[in-house]
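Below: the structure, in structure tokens.
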Amino acid sequence: MITRVAVLGAGVMGAQIAAHCVNADVNVILFDLPGKGDKPDGIVTRALDGLKKMDPSPLAAKDLVLHIEAANYEQHLDRLRDCDLIIEAIAEKLEWKRDLFIKIAPYVREGAILASNTSSLLIDTLAQTLPEKLRSRFCGVHFF
């Protein structure tokens, strides 16, 4: 059973994936790069503000955005340990995805599913960038 999801990447696609998960009453943590200065979660915060302004809204109710936790890759990777599903939704650059997978691998708990939202890279190619222990729990998903 999936009760907690992490979405890696707070761009338009990642933010909307987070919205769909919270619509289904699943706890969500939305990650992105750390912001500058005193706003380490600034990128995610801006993405969440953007969700509230979209028309049509990807949120079933505007206040559901309050149930999406903001996080960044520098301070909060330990939060991944509580996630049942981790969905990568960053830019379509193999080297960026590979670097992110290497960074998060120590925090992916046993039994958690790791997925990529890629639309142009081969899942088999991405799987080869993962540590061996994660490959059997890796899949592709794509949201439209």
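Quick caveat, the model's predicted, so the values are computed rather than measured. Numbering starts at 1 and runs along the sequence shown. The basis for the numbers below is simple: all heavy atoms, side chains too, and nothing from hydrogens, waters or symmetry mates.
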**Message:** side-chain contact (heavy atoms from CB on, under 4.5 Å), that's the test. Do L33 and Y73 meet it? Break it down for me.
**Reply:** CA-CA 6 Å; L33 297 167; Y73 304 127; 3.9 Å; yes

**Item:** Among R137, R109, R4, salt bridge (Lys or Arg N to Asp or Glu O under 4.0 Å) partner for D84
**Value:** R109

**Prompt:** What is the distance from atom CD of E74 to atom CZ of F31, rounded to the nearest 0.5 Å?
**Reply:** 11.5 Å

**Request:** Might you confirm whether atom NZ of K62 has over 12 heavy atoms from other residues, nucleotides or ligands at distances under 6.0 Å?
**Result:** yes

**Message:** Assess the residue pair E69 and R79 against the criterion (side-chain contact (heavy atoms from CB on, under 4.5 Å)); give the C-alpha distance rounded to whole Å, side-chain angles, the decisive distance to 0.1 Å, and a yes or no.
**Reply:** CA-CA 10 Å; E69 295 176 45; R79 292 184 187 176; 3.7 Å; yes

**Request:** Using the rule that two of Ile, Leu, Val, Met, Phe, Trp, Tyr join whenever any of their side-chain heavy atoms come within less than 4.5 Å, decide whether I17 and L51 are in one cluster.
**Result:** yes

**hydrophobic_cluster_shared for L122 and I90, side chain cutoff 4.5 Å** = no

**Asked** Rounded to the nearest 0.5 Å, how far does CG of L59 lie from CD of Q16?
**Response** 9.0 Å

**Message:** For D41 versus A70, what's the shortest heavy-atom pair and its separation?
**Reply:** OD2-O, 3.7 Å

**Message:** Ignoring hydrogens, what is the shortest heavy-atom contact between P34 and I43? Give both atom names and the distance.
**Reply:** O-CD1, 4.2 Å

**Item:** Check: E92 side chain, S119 main-chain N or O, donor-acceptor pair, under 3.5 Å
**Value:** yes

**Prompt:** How long is the gap from CD1 on I68 to OG1 on T45, to the nearest 0.5 Å?
**Reply:** 11.5 Å

**Item:** Shortest non-hydrogen separation from I123 to G140 and the atoms involved
**Value:** CD1-CA, 3.5 Å

**Complete:** Shortest non-hydrogen pair, V44 vs A71, comes out as CG2-O, 3.4 Å

**Shortest non-hydrogen contact from N72 toward P40** = ND2-O, 3.3 Å

**Test salt bridge (Lys or Arg N to Asp or Glu O under 4.0 Å) applied to R46 and D49, step by step** = CA-CA 5 Å; R46 283 190 300 279; D49 288 342; over 6 Å; no

**Message:** How long is the straight-line distance from CG of L48 back to NE2 of H67, given to the nearest 0.5 Å?
**Reply:** 12.5 Å

**Message:** Once rounded to the nearest 0.5 Å, what's the spacing between atom NZ of K93 and atom CZ of R98?
**Reply:** 13.0 Å

**Message:** Could you report the tightest heavy-atom contact between T129 and L126, atom names first, then the distance?
**Reply:** OG1-O, 2.6 Å

**Message:** Evaluate E132 against R135 for salt bridge (Lys or Arg N to Asp or Glu O under 4.0 Å), listing each step before the verdict.
**Reply:** CA-CA 5 Å; E132 184 69 37; R135 290 181 188 168; 2.9 Å; yes

**Message:** Test side-chain contact (heavy atoms from CB on, under 4.5 Å) on L114 and F101; report intermediate values, then the result.
**Reply:** CA-CA 9 Å; L114 177 60; F101 290 150; 4.2 Å; yes

**Item:** OG1-CG distance between T3 and L85, expressed to the nearest 0.5 angstrom
**Value:** 10.5 Å

**Asked** Is there a path of hydrophobic side-chain contacts, each under 4.5 Å between heavy atoms of I, L, V, M, F, W or Y residues, that connects F138 with V141?
**Response** no

**Asked** Is I113 reachable from L80 through a run of I, L, V, M, F, W or Y residues, each pair having side-chain heavy atoms under 4.5 Å apart?
**Response** no

**Asked** Same hydrophobic cluster for V5 and L134, using side-chain heavy-atom links shorter than 4.5 Å among ILVMFWY?
**Response** no

**Message:** For D25, I'd like to know if atom CG has over 12 heavy atoms of other residues, nucleotides or ligands within 6.0 Å.
**Reply:** no

